[in-house]
Undergrad: 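One structure, as structure tokens, below. Some questions next.
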Amino acid sequence: MARLTANFFKQDALVLAPLLLGKKLVRVSDNGVKNEYVITEVEIYRGEEDLACHASKGRTQRTQVMYNSGGVLYVYLVYGMYWMLNIVTGEENNPQAILIRALEGTTGPGRVGKLLMLDKSFNTENLSDSKRIWLEDRPIIDTYKTSIRIGIDYASEEWRLKPWRFYY
DNA sequence: GTAACGATCCTC
DNA sequence: AGGATCGTTACA
């Protein structure tokens, strides 16, 4: 099916998160091998008001990528070891991103980054025209679950309790 | 400068 | 329950 491009990712994260479930993630490695995965778990990080979102610190060298219009990647290192894969979503200057927490057959965002062999060079990568990573359309998953987000105990209750984790 | 802390995972 | 491991942020 067709590659998903900027118009799709420009939608608000609240709309996009459930739509990303079941979508195909394609990764072409340096040696030219193409692998395809299915997205099974995501989390929303949305706006400067969201105290769990890195953009709550405002526009910094790290967070500026989230201020782009949707369709680019926000990839960063956490705990000195794990590359987190996020898709920037929404309108320009409205910082939000969706964390890919799991692909079919994997558990945990750290393992996603390892499986996809991500590194710093993937930060700001454009999903609309990248030759090494992109998403392709797939039928909607209409039965899914939600829960609070994982690993954000530092956020205040208002944001910690948002049901912004989606999985099936 | 310098210190504290993670959107995690593995091992004990 | 605790350690690995380093970029980002905050504060002096």
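Proteins come first, then strands; the chains are lettered A, B, ... in the order of their sequence lines, and each starts at number 1.
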Undergrad: Rounded to whole Å, please give me the gap between CE in Met81(A) and P in dA7(B).
TA: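 For the pair Met81(A) CE and dA7(B) P, the rounded distance is 14 Å.
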
Undergrad: For Ser56(A), answer base if it contacts any base atom (sugar-phosphate contacts may also be present), sugar-phosphate if it contacts only those atoms, and nothing otherwise; contact means non-hydrogen atoms under 4.0 Å.
TA: nothing

Undergrad: When the distance from CG of Asn86(A) to P of dT8(C) is rounded to whole Å, what number comes out?
TA: 14 Å

Undergrad: Using whole Å, what does the distance between atom P of nucleotide dG6(B) and atom CG of Leu51(A) come to?
TA: 13 Å

Undergrad: Give the rounded distance in Å between these two atoms: CD1 of Ile148(A) and C1' of dA7(B).
TA: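 Checked: the CD1 to C1' distance equals 13 Å.
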
Undergrad: Check whether the side chains of Thr106(A) and Arg111(A) place a donor and an acceptor atom closer than 3.5 Å, and report yes or no.
TA: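 Distance-only check fails for Thr106(A) and Arg111(A).
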
Undergrad: Could you tell me whether the phosphate oxygens of dA7(B), OP1 or OP2, come under 4.0 Å of any side-chain nitrogen or oxygen in His54(A)?
TA: yes

Undergrad: Looking at Tyr67(A), is Arg59(A) sitting on its ring face, NZ or CZ under 6.0 Å from the six-membered ring centre and within 45 degrees of the normal?
TA: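 Yes.
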
Undergrad: Near DNA chain B, under 4.0 Å by heavy atom, which residues of residues 159-168 of chain A?
TA: none

Undergrad: Would you indicate what Met84(A) reaches in the nucleic acid, counting non-hydrogen atoms under 4.0 angstrom: base, sugar-phosphate, or nothing?
TA: sugar-phosphate

Undergrad: Using a heavy-atom cut-off of under 4.0 Å over every strand shown, decide if Leu99(A) touches base, sugar-phosphate, or nothing.
TA: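 Base contact - Leu99(A) has a heavy atom under 4.0 Å of at least one base atom.
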
Undergrad: Under 4.0 Å between any heavy atoms, over every strand shown, what does Gly80(A) touch: base, sugar-phosphate, or nothing? Just pick one.
TA: base

Undergrad: Checking side chain to side chain contact (heavy atoms under 4.5 Å, CB included) for the pair Met66(A)/Cys53(A): CA distance, chi angles, key distance, verdict?
TA: CA-CA 10 Å; Met66(A) 278 194 278; Cys53(A) 180; 4.1 Å; yes

Undergrad: Return the nearest nucleotide to the side chain of Arg111(A); candidates are dC9(B), dA7(B), dT8(C).
TA: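 Given the options dC9(B), dA7(B), dT8(C), the side chain of Arg111(A) is closest to dC9(B).
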
Undergrad: What is the separation between atom CZ on Arg59(A) and atom P on dT8(C), rounded to the nearest whole Å?
TA: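 For the pair Arg59(A) CZ and dT8(C) P, the rounded distance is 17 Å.
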
Undergrad: Can you tell me how far P of dA7(B) sits from CE of Met66(A), to the nearest Å?
TA: 11 Å

Undergrad: For the base of dA7(B) and the side-chain ring of Tyr45(A), does the geometry meet a stacking cutoff of under 5.5 Å between centres and under 30° between planes?
TA: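 The base of dA7(B) is stacked with Tyr45(A) (centres under 5.5 Å, planes under 30°).
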
Undergrad: Considering every strand shown, what is the Watson-Crick or G-U wobble mate of dA10(C) when both distances are under 3.5 Å?
TA: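 Its partner is dT2(B) (Watson-Crick or G-U wobble, both distances under 3.5 Å).
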
Undergrad: Answer yes if the side chains of Glu104(A) and Thr40(A) hold a donor-acceptor pair under 3.5 Å, and no otherwise.
TA: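 No, because no side-chain N or O of Glu104(A) sits under 3.5 Å from a partner of the opposite role on Thr40(A).
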
Undergrad: Is there side-chain contact between Lys23(A) and Glu136(A), with at least one heavy-atom pair below 4.5 Å?
TA: no

Undergrad: Tell me the interatomic distance from Ile87(A), atom CD1, to dA7(B), atom C1', rounded to whole angstroms.
TA: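 One finds 15 Å between C1' of dA7(B) and CD1 of Ile87(A), rounded.
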
Undergrad: Taking the minimum atom-to-atom distance to the side chain of Pro109(A), which one of dC9(B), dT8(C), dA4(C) wins?
TA: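 Of dC9(B), dT8(C), dA4(C), dC9(B) is nearest to the side chain of Pro109(A).
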
Undergrad: Look at the side-chain N and O atoms of Tyr154(A) and state whether any lies under 4.0 Å from the OP1 or OP2 oxygen of dA7(B).
TA: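 So the side-chain polar atoms of Tyr154(A) do come within 4.0 Å of the phosphate oxygens OP1 or OP2 of dA7(B), strictly under.
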
Undergrad: Side-chain donor-acceptor contacts of residues 14-21 of chain A below 3.5 Å, not counting sequence neighbours, with atom names and distances?
TA:
none

Undergrad: Which base, if any, makes a Watson-Crick or G-U wobble pair with dA7(B), both distances under 3.5 Å?
TA: none

Undergrad: Nearest to the side chain of Thr63(A), which nucleotide is it out of dG7(C), dT9(C), dT8(B)?
TA: dT9(C)

Undergrad: Look at the side chain of Leu77(A) and decide which nucleotide, out of dA10(C), dC9(B), dC6(C), has an atom nearest to it.
TA: dC6(C)

Undergrad: Between Asp12(A) and Arg46(A), does the salt bridge (Lys or Arg N to Asp or Glu O under 4.0 Å) criterion hold? Intermediate values first, please.
TA: CA-CA 9 Å; Asp12(A) 192 279; Arg46(A) 182 173 181 270; 2.9 Å; yes

Undergrad: To the nearest angstrom, how far is Leu73(A) atom CG from dA7(B) atom C1'?
TA: 16 Å

Undergrad: Heavy atoms only, 4.0 Å cut-off, all strands: where does Arg149(A) land among base, sugar-phosphate and nothing?
TA: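 Nothing: the residue Arg149(A), judged by heavy atoms under 4.0 Å, touches no strand.
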
Undergrad: Looking at dT8(C), I'd like to know if its phosphate oxygens (OP1 or OP2) sit under 4.0 Å from a side-chain N or O belonging to Thr60(A).
TA: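 Answer no for this pair, as no side-chain N or O of Thr60(A) is under 4.0 Å from OP1 or OP2.
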
Undergrad: Between Asp50(A) and Arg149(A), does any side-chain N to carboxylate O distance fall below 4.0 Å?
TA: yes

Undergrad: On DNA chain C, does the nearest nucleotide to Arg62(A) precede the nearest nucleotide to Tyr82(A) from the 5' side, or the other way round? Give the residue.
TA: Tyr82(A)

Undergrad: State, without any angle test, whether Thr89(A) and Gln96(A) hold a side-chain donor-acceptor pair at a distance under 3.5 Å.
TA: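 Yes.
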
